[in-house]
Amino acid sequence: MEFNNPAENNVFDRAKVIGQPLRRIDGPLKVSGTAPYAYERHDAVPGQAYGYPVGSAIAKGRITNIDTSAAEAAPGVLGIVTTLEHDPIENLWDYDPVRHFGGDEILHYHQAVAVVVAETFEQARAAANLLDITYERDESANFDLSKTPQASGDSDADPVQNVGDFESAFASAAVKLDQTYTTPAESHSMMEPHATIAAWDGDKVTLWTSNQMIEWGRQSIAKAFDIAPDNVRLDSPYLGGGFGAKLFVRSDAVMAGLAARKVGRPVKVTLPRPMVFNNTTHRGETIQHIRIGADENGKITAIGHHNATNALTAVGGENATLPIVAFYAGANRHIVNAPAKMHLPNSNAMRAPGETAGLMAFEIAMDEMAEKLGMDPVEFRIANDTQVDPGNPDVPFSDRHFVECLERGAETFGWSNRNTAPGATRDGAWMIGHGVAGAYRPAPVQKSGARVVLEPDGTLRVESDMTDIGTGSYTVMAQTAAEVMGLTIDDVSIDLGDSNYPVSAGSGGQWGAASATAGVYAACVALREQIAERLAVAEGDLTFEDGAVRHGDTSTPLSQIGKGEEIAAEDSIEFGDFRSKEALVSTFGAHFVEVAVHAHTGEIRIRRMLAVCDSGRILNPLTARSQVIGAMTMGVGGAIMEEMAVDHRHGFFVNHDLAGYEVPVHLDIPSQEVIFLETTDPYSTPLKAKGVGELGLCGVAAAIANGVYNATGVRVRDYPVTLDKIIGQLPAV
Amino acid sequence: MRAFSYERASSPQAAAQAAMARDNAKFIAGGTNLLDLMKLEIETPTHLVDVNGLGLDTIEETDAGGLRIGALVSNTALAADERVRRDYGVLTRAIVAGASGQLRNKATTGGNLLQRTRCPYFYDTNMPCNKRAPGTGCSAIEGFSRSLAAIGGSDFCIATYPGDMAVAMRVLDAEIETVDPDGETRTIPIADFHKLPGETPEVENELRPGELITAVTLPASVGGRHFYHKVRDRSSYAFALVSVAAIVNEDGTGRVALGGIAPKPWRDETAEAEMPNGASAVMRRLLADAKPTEENQFKVPLAERTLAAVLSEAKG
Ligand SMILES: Cc1cc2nc3c(=O)[nH]c(=O)nc-3n(C[C@H](O)[C@H](O)[C@H](O)COP(=O)(O)OP(=O)(O)OC[C@H]3O[C@@H](n4cnc5c(N)ncnc54)[C@H](O)[C@@H]3O)c2cc1C
Ligand code: SF4
């Protein structure tokens, strides 16, 4: 099915199942501990052995020797694969051009250099520590973003947007801001680390793994092992989170495959937590130079943004300019993204990549501008709303209600009651502040397919390689199928995450739910057409309702259509380019927070949070809300605690475990409220839906930073906003 | 983790003997610290002597009117004990500010005293660290030191003692009772128990080979209002950036010890004589010798401000 025109009124507008707050289908499995995650799939294949990976002890240089003799002699050891035995296995996917294994060259700390296979996990781990690896260190490496030319704005990168004449507009602006902001590297820190079981059967390999994008993974594995993609099967029905860390196959999958081939047994490998930080990807650090000019009335006339970020490869870095090009009006714009080649592990997508760091900085800048203008920060944002692409005013936003997000939020939150004077509100020992920030994130989609099978008993089975990374894919896809086929959700069973099923959009870029449900729709329409054919009526004349198909006065239960046989249909949704040519399809939001800062100690605690989201049809308010409150929680982490500390001498992230890298705990998260505007966006998908999972994170941290400013009068421009950065400026005690 | 053998001791002295009898043996109590360190091969004992089940898990009243806390009393049981909550509130508050409920169920009084630093370089066996591998150098002094000691460190090591319970025990003048392989017992004041790193950061306490902690005793209650203010970036489940254990009397006198800022619970009786004169008077003395790094210099004003918070709450 091609999606070449905006959606019209269709089956989803009746919204009997879609849009209903149904509980997650996989919920009972998750809470009872019976959803099988990759490492625990003991039943998948007999004879599993354990592989324990070893990461490089240096950040840059070469390995001159690996002595495996002691490890080989250790109890239970079945085999050892070292990087020296293989040519580099690298560049498996265009968006992830890194080296996973092989060769003597070390490109970053904890690069995988060996995997030791044994009968038990403990034996493998003990033997892994017996490897004697000789390194030759290359001292020429650079690990300090602030020391790169890009950090001082000195780069040859072409602007991503250059409209009007920024320099003169900024020079002549009545009110100006010129500031630099920094955001640290962040780790996805999903609960389930990367894990894979690999088993070979001749030249066919099966990987039970934890992966967000099954088809990308299948192609990548084929390349890694130099076999045909059809000889690769990936299965990933449940993931313990991903946040972008599992968009691409990682070294666990490569090592499991190599090790299984070498020892002739299925092998399972998980990355120990420290390797999640330094072996895989992360959100890159940024140094952002922001300049904003406005006239006396608060209309922005000039936006300058220069983003420096760390990247090991050509595809890397946190591109903080992404939201800046389109969020606010402003006729003169000069926006540059400047990745700096550094020898830290490669940075790549983490939830709302680009928007997160970009808005962490820019939405503080907006707060500062509002203050300079003497305007309320909500009013200032409203004054600079745009209904068209500021870089190309001929292209309108398909459906943009940012102003309504701000207004609804301000009203619900009680924004007008806040004390606008910084540092002036106390509750006992705590200084109270309120902050606001805008949220912006495009709503991309990807081609997505599914297979649907009408069973002889009238129930429906849905199959797709789509993944559910904790997001609710199972549930919203089942709801879609139920809606289109006139069934209840209990009539629908659904299997996901297996590369034997049709290729879907996968989970990433907040395109998953919108694309995959559209793919299910396409498959269901194909099924409806087959049913119409059997009934010898036009598909358009049929109504699917209450488990039956109606045509005029005749109603046939779905269980009778196949006459004892199943009827299968498969199709994909393909999105035409009208979607990007005729309009900008994006999601919008506003975050409001109340923070408390201890007047003595500077401890920062969040008291309440509100998000208002404009993201098209909400497929399921429960799963959507869970996405947003989870994202808000991640935003709290980014605002006040999360930072991968870089050791600039050794070149690695030092706090590489969940004791050192703090993420919020329950006690950090206060009451969270989420409002979804009742919008539908016909340019987006046949369901008129867009993503929310990344939108929910955009801007949260800045709202908190702005709240800390309002509470204390201390402006922190370097994340995370921690007490050491404010304590010197708190009132004397 | 390396392979190890395991035995259960039958009495405290037998445990001490068992630990002495083999090279490289260690006691295991709750295992919440030791096992983590063994998995990372930061600790590599070849023999473990399990000291659970030696009857060291009771809290008894002493003739002096205080309490004797068995070394195997869990953190949860100690914090919840009615007498502790009534007479030694600072101890309950300190314990429940640490770790998580599950960990406190397993963690023991003796093991808690001996928990090792949380310096991140100590945890990465690829990195130089004088405490883990004497003579290799200290990665933290010119590295990521935000959480480390601002006072009491040396050119060899600036690790902090990370625990909370011992900070409260320090203001309470607790004493540590031990037994050695010969059955000799001795009592070590908590002030002398933890050692500063000097040139030997791998030596962290006063215990001799094979010596087993049997109990911690608390003197009779000293009254006053008890406080434990633990400062950290997140609200729970994190080690202290700085913590203040304090007992404040009606007349403004009192006691104070700091956690999270030094290689041991940090207290100085002459400094705390300044308590009636306020937090900065106390800290001027208590932290007079502070030698923070650029990254952790905030701990010095933070300690003062945290004590000020406690004193203002005490007046409150
Ligand atoms: C995730 C996490 C968070 C934590 N957070 C905090 C926190 O916020 N605050 C805090 O204070 N602590 C915290 N802890 C540390 C925790 O309190 C300690 O791990 C625990 O108290 C250790 O007690 P244990 O009985 O498990 O000791 P074990 O691990 O069994 O032993 C520790 C050491 O003590 C020795 N030992 C044990 N008993 C004796 C004895 N009777 N005599 C002589 N030697 C003995 C062992 O040989 C070993 O060297 C945390 C721990 C973890 C894992
Ligand atoms: S501070 Fe101590 S524990 Fe940390 S690296 Fe230095 S020597 Fe090791």
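All figures in this text were calculated on a predicted structure; none of them were measured in a lab. We name chains A, B, ... by the order of the sequence lines, and we start the count at 1 in each one.
Across B/Cys138 and B/Cys157, no two heavy atoms sit closer than the pair SG-CA, 4.3 Å. Minimum heavy-atom separation, A/Ile66 to A/Val113: CD1-O, 4.1 Å. Looking at every heavy atom in both residues, B/Phe122 comes nearest to B/Leu37 through CE2-CD2, 3.9 Å. For B/Leu113 against B/Ala166, the heavy-atom pair with the smallest separation is CD2-CB, 3.9 Å.
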What are the sub-3.5 Å donor-acceptor pairs between chain B and chain A, distances to 0.1 Å?
unit_1   : atom_1 : unit_2   : atom_2 : d
B/Glu41  : OE2    : A/Asn129 : ND2    : 3.3
B/Tyr121 : OH     : A/Asp647 : OD2    : 2.6
B/Asp124 : OD1    : A/Tyr109 : OH     : 3.0
B/Asp124 : OD2    : A/Tyr109 : OH     : 2.7
B/Asp124 : OD2    : A/His656 : NE2    : 2.8
B/Asn126 : ND2    : A/Tyr109 : OH     : 2.9
B/Ser139 : O      : A/Arg649 : NH1    : 3.3
B/Ser139 : O      : A/Arg649 : NH2    : 2.7
B/Arg146 : NE     : A/Asp724 : OD2    : 3.3
B/Arg146 : NH2    : A/Asp724 : OD1    : 3.0
B/His229 : NE2    : A/Glu603 : OE1    : 3.0
B/Arg232 : O      : A/Arg605 : NH2    : 3.1
B/Asp233 : O      : A/Arg605 : NH1    : 3.0
B/Arg234 : NH1    : A/Val663 : O      : 2.6
B/Ser235 : N      : A/Asp668 : OD1    : 2.8
B/Ser235 : OG     : A/Arg605 : NE     : 3.4
B/Ser235 : OG     : A/Asp668 : OD1    : 2.5
B/Arg305 : NE     : A/His600 : O      : 2.5
B/Arg305 : NH1    : A/Pro731 : O      : 3.3
B/Arg305 : NH2    : A/Ala599 : O      : 2.9
B/Arg305 : NH2    : A/Pro731 : O      : 2.7

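With values rounded to the nearest 0.5 angstrom, B/Leu287 atom CG is found 6.0 Å from B/Leu258 atom CG. Between the CD1 atom of A/Ile604 and the CD1 atom of A/Ile726 there is a distance of 4.0 Å, given to the nearest 0.5 Å.
For B/Arg225, there are no salt bridge (charged side-chain N to carboxylate O under 4.0 Å, His left out) partners, not counting sequence neighbours. Considering only residues two or more places apart in sequence or on other chains, A/Ala74 meets the side chain to side chain contact (heavy atoms under 4.5 Å, CB included) condition with A/Val77, A/Ala127, A/Leu130. Taking B/Pro263 as the reference, B/Ala149, B/Leu196, B/Pro197 meet the side chain to side chain contact (heavy atoms under 4.5 Å, CB included) condition, with sequence neighbours excluded.
Contacts of A/Leu658 with chain B are made by backbone atoms alone, with heavy-atom separations under 4.5 Å and no side-chain atom involved. Heavy atoms closer than 4.5 Å to chain A are found nowhere in B/Pro162, neither backbone nor side chain. Residue A/Ala599 touches chain B through its backbone alone, counting heavy-atom pairs closer than 4.5 Å. With a 4.5 angstrom heavy-atom cutoff, B/Leu40 does not touch chain A via any of its atoms.
Most heavy-atom pairs under 4.5 Å with chain B: of the set A/Ala57, A/Ala126, A/Gly55, this distinction falls to A/Ala57. Options B/Ala308, B/Pro120, B/Gly278, B/Pro301 differ in how many heavy-atom pairs under 4.5 Å they form with chain A, and the most are formed by B/Ala308.
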